[in-house]
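Okay, structure first, notes after.
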Amino acid sequence: MAKDFVKREENYSEWYNELVVRADLAENSSVRGCMVIKPYGYAIWEKMQHTLDAMFKQTGVQNAYFPLFIPKSFFEKEAEHVEGFAKECAIVTHHRLAKSPDGKGLVPDPEARLEEELIVRPTSETIIWDTYRKWIKSYRDLPILCNQWANVVRWEMRTRMFLRTAEFLWQEGHTAHETSQEAEEETIKMMHVYADFAEKYMAMPVVRGVKTANERFAGAVDTYCIEAMMQDGKALQAGTSHFLGQNFAKAFDVKFLSKDNKLEYVWATSWGVSTRLMGALIMTHSDDNGLVLPPMLAPLQVVLIPIYKTDEEKQMIDELATKIQQELKSKDITVKYDDDNKTKPGWKFNEYEFKGVPVRLTLGARDLKEDKIEVFRRDTCEKLLHQTEGICEYIEQLLKDIQDNLFKKALTLREQKTRKVDTWEEFKTEIEKGGFLLCHWDGTTETELKIKEETKATIRCIPLDNPQEEGKCIYTGKPSRQRVIFARNY
RNA sequence: CGGGGUAUAGCGUAGUCCGGUUAUCGCGCCACAUUUGGGAUGUGGAGGUCGUAAGUUCGAAUCUUACUACCCCGACCA
């Protein structure tokens, strides 16, 4: 058991904050709203990056890099886009510091004011579409499928590590297409890439859906999303993919000559996931003993811990540990033998448990005499003794089982916390309990906003494979043809 | 930006109301020894401009003023 660690049901948000720090994932920095991602946390992010990067490339996407700074004038070009982001932009006004007139410290040099101020990107659509204009002349130049791994800045009022920080890391894909249909297909394709990644690698079940007009990305025609449910029943938007129509092409005058020699505006998409996925991963699986990681994203999958009294015993354990390490490595399993003498086994057990290492093997002198090894699995916290013979095959299978089990557990929880609600009275009490509420809605933004005002619940999405069913809007009683997902969200 | 709160060692804290020796305690850290099957024990040690600046006073962590930073609640949000 983790010492002095707050339980989820006592204070979920404190549990999360403390977990992030104590599992060595990240810490608050001296810069307001910005965090330091520590090596262990960054290793998880890197695994996500590598996997996603390969998945993107599989679909024909290439990586590129665009500037951090965006001229202010670019932002003014797409009306809705400005409105969405203007309130949270960091602005560069000077390019040089000078000694303060009172001799103490430094001030922006008044002589060095920028002629045109620069915005630190909150997202890169504008600079990218300004660039694409130069790249695109004919239908032969299309499609363009680019992605960039970058940092962005959104000056948030209230921040939480990984879930919402002023600066965060993400990837943003930006594609340009000949036809509306092709762009829409791309949008949906990338949503599925995200969903596959979330479910297969993060072991996190997601709902694939489309956002309502109110929740849509600033400047998009349609926003598709993957929506996950955290253990406290709150929804978390884990990834978005936008069909931008011709909005940015028109704003940045990006036209191409079509096959039939007509000048047409280009069709666009953009899609992204961020370090927010780290928050999603943490809140989907972790428990009152600390972090729980799915084997496919765990930087360390197996840890070996020796227990011995004499040098002879230690030597015997060393030999076995070396053999096991070699065999596991040959199966592409990451393993560490922690024979550091500075801490006792009990301390190590707690440490690796808290950091979410999926499997621990205890190589104890006592068990070894009987040719046995103790195996501990982090997801269920179960221990068992296994014959030394065939231990590596067992672990290989166990890692797969843990991955599956985590997904099933999360899915079961989501199903338990998802229910249909048909009356407004019921809605108001049920929303307090958390989870997803499937309800009829009249399709108007006014109703959506009123519901949000009264209950803090929003429409997370309209699921893609949504069954059609006649019903009445939960709030206005007007006719509706399908249920949508209501929830409180992060 | 509105409303409330906090600031003492790496972390968590006592002391502040009612000013007075060398600023309290726990964890962590360092050294040595004994330990090792679920966060070891003993002994010794290091570590502080009490958020910053000014003021009151013989004397300020303690009283006054200003400033700064952070936290919580709102508005905003991947």
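Just the heavy atoms: all of them, side chains too, but no hydrogens, waters or symmetry mates, feed the values below. None of the values given here were measured: they were computed from a predicted structure.
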Item to check | Whole-Å distance separating the CZ atom of A:R160 from the P atom of B:C71 | outcome: 12 Å
Checklist entry - Quick one: is A:K369 getting a side-chain N or O under 4.0 Å of the B:G37 phosphate, OP1 or OP2? => result no
Checklist entry - Rounded to the nearest Å, what distance is computed from the CG atom of residue A:L361 to the C1' atom of nucleotide B:G37? => result 15 Å
Item to check | Sugar-phosphate only, base, or nothing, as touched by A:T362 at under 4.0 Å among non-hydrogen atoms | outcome: base
Checklist entry - Which part of the nucleic acid, if any, lies within reach of A:A238 when heavy atoms closer than 4.0 Å are counted: base, sugar-phosphate only, or nothing? => result nothing
Item to check | Base-pair map of RNA chain B as dot-bracket, where | denotes pairing with a different strand and pairs are Watson-Crick or G-U under 3.5 Å | outcome: (((((((..(((.......[....))).((((((.....)))))).....(((((..]....))))))))))))....
Please set out all donor-acceptor pairs under 3.5 angstrom arising from side-chain atoms of residues 360-368 of chain A, sequence neighbours excluded.
unit_1	atom_1	unit_2	atom_2	d
A:R360	NH1	A:E353	OE2	3.0
A:T362	OG1	A:E374	OE2	3.3

Item to check | Length of the line joining A:K456:NZ and B:C77:P, which is rounded to integer Å | outcome: 15 Å
Item to check | B:U34 to B:U24 separation - C1' atoms, rounded to the nearest Å | outcome: 31 Å
Checklist entry - Within the structure shown, what part of the strands sits under 4.0 Å from A:Q237 by heavy-atom distance: base, sugar-phosphate, or nothing? => result sugar-phosphate
Checklist entry - Do the side chain of A:K309 and the base of B:G37 come within less than 3.5 angstrom through a donor-acceptor pair of N or O atoms? => result no
Restricting to nitrogen or oxygen on both sides, can you table the protein-nucleotides 5-10 of chain B pairs closer than 3.5 Å?
none

Checklist entry - Looking across every strand, which nucleic acid part, if any, lies under 4.0 Å from A:F168 by heavy atom: base, sugar-phosphate, or nothing? => result base
